[in-house]
Enquirer: 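Dropping a structure here in structure tokens format, bear with me for questions.
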Amino acid sequence: MSSWKKAAKSNQKVHRERSQPAARQHLGLLEKKKDYKLRAKDRNEKEATLKLLRKRALNKNPDEFYHHMINSKLENGEHRELDKGEDLTLDQIKLMQTQDLKYIAMKRTVEANKIRRLQSKLHMTDVVNGTTNSHTFFVEDDQEAAQFDLAKRLDTHPDLIGRRTNRPRLADLEKLQLASVSEDNIATLNHERELSYRELMKRIDRERELTVVQKTIEIKRALKEKRALKPKLIRKGTSHQAPQYKFKYERKR
């Protein structure tokens with residue numbers, strides 16, 4: 001466009017639309033052409049969207065399945081995406097965000113060593129005594145079976161029959177100085193043993209959580225590497241298990 005046409009266009013008079021007459025003020029503002037254009041454009045877009053949705057509904061296969069059916073839910077009349085984040089505890093998320101992989105591996109090794117020392121100290125005797133077991137004794141006839149005394153056969157005290165470990169014989173019990181052991185000392189020893197078992201269980205849970213965090217960090221680092229084929233997610237990560245991916249074999253050059 002030449003310069004004189006531009007000048008002529010810029011000098012054109014702006015035609016203003018009339019305002020609402022005073023007698024019609026109670027009806028509100030008078031709609032201008034620019035307002036009508038916006039309203040018409042919005043209406044046409046909505047009608048086109050409804051027409052497309054009707055067409056899709058008519059052409060839809062009732063047996064068709066797509067993952068958005070199970071990955072979304074209806075809340076207050078609106079579709080919302082389900083949370084696909086990994087189901088980790090708050091402590092695990094904080095560790096993943098703030099700590100390094102070497103620190104996690106070091107803490108896991110410390111917990112594993114403490115667990116090993118506690119297990120060697122406690123020997124897990126209560127767990128062994130709580131498991132079921134069978135020991136068969138053979139007798140000659142029914143009369144001997146009726147007179148059978150298990151404590152006498154095992155040569156131990158009747159109160160110690162239920163123990164599978166540390167079941168001393170009567171001769172060994174006579175050598176022990178049980179009179180010097182009071183009931184308070186026995187209660188104190190049992191309380192200390194119970195505390196040790198509680199500490200052992202807590203450390204086992206802690207070591208398991210650290211293992212999940214370490215594996216999750218290692219997997220996320222592996223996913224950041226450039227690969228020709230994208231790994232496939234097999235199982236989503238939880239607070240008890242790291243996410244599992246299937247990596248395609250790539251031949252190294």
Enquirer: Hey, is CG on N61 packed in by over 12 heavy atoms from elsewhere, all under 6.0 Å?
Expert: yes
Enquirer: Taking all heavy atoms of L233 and all of Q244, pick out the closest pair and write down the distance.
Expert: CD1-O, 3.5 Å
Enquirer: Should L30 and S19 count as side-chain neighbours, where that means a heavy-atom distance under 4.5 Å?
Expert: no
Enquirer: For residues I234 and Y245, report the shortest heavy-atom separation together with the two atoms involved.
Expert: CG1-C, 4.1 Å
Enquirer: What's the separation between atom CD1 in I104 and atom OG1 in T211, rounded to the nearest 0.5 Å?
Expert: 10.5 Å
Enquirer: Can you tell me how far apart CD1 (I219) and CD (Q214) are? Round to the nearest 0.5 Å.
Expert: 11.0 Å
Enquirer: Are V212 and H240 close enough that some pair of their side-chain heavy atoms sits under 4.5 Å apart?
Expert: no
Enquirer: Following the transitive rule for hydrophobic clusters with a side-chain heavy-atom cut-off under 4.5 Å over Ile, Leu, Val, Met, Phe, Trp and Tyr, establish whether V110 and I217 coincide in one cluster.
Expert: yes
Enquirer: Is the side chain of K107 donor-acceptor paired with the backbone N or O of A105 at a distance under 3.5 Å, no angle test?
Expert: no
Enquirer: Within this structure, what is the CZ-CG distance for the pair R56 and L52, rounded to the nearest 0.5 Å?
Expert: 4.0 Å
Enquirer: Quick one: are R39 and Y36 in side-chain contact, heavy atoms under 4.5 Å?
Expert: yes
Enquirer: If we only count heavy atoms from C-beta on, is the Q20 to L29 side-chain gap below 4.5 Å?
Expert: no
Enquirer: In chain order, what residues pass the side-chain hydrogen bond (donor to acceptor under 3.5 Å, both in side chains) check against D42, with sequence neighbours excluded?
Expert: K46
Enquirer: Enter the distance from R203:CZ to L210:CG here, rounded to the nearest 0.5 Å.
Expert: 11.0 Å
Enquirer: Salt bridge or not between E47 and R43? Use side-chain N to carboxylate O under 4.0 Å.
Expert: yes
Enquirer: Taking atom NZ of K32 as the centre, report whether more than 12 heavy atoms of other residues, nucleotides or ligands fall under 6.0 Å from it.
Expert: yes
Enquirer: Do K41 and K37 have side chains that approach each other closer than 4.5 Å (heavy atoms only, starting at C-beta)?
Expert: no
Enquirer: Testing R208, E207, R206 one by one against I204 for a side chain to side chain contact (heavy atoms under 4.5 Å, CB included), which residue passes?
Expert: R208
Enquirer: Once rounded to the nearest 0.5 Å, what's the spacing between atom CD of Q241 and atom NZ of K215?
Expert: 8.5 Å
Enquirer: Determine, stepwise, if the pair R117 / K114 fulfils side chain to side chain contact (heavy atoms under 4.5 Å, CB included).
Expert: CA-CA 5 Å; R117 286 196 294 268; K114 291 181 179 179; 3.3 Å; yes
Enquirer: Measure the spacing between CD1 of I115 and CZ of R108 and express it to the nearest 0.5 Å.
Expert: 10.0 Å
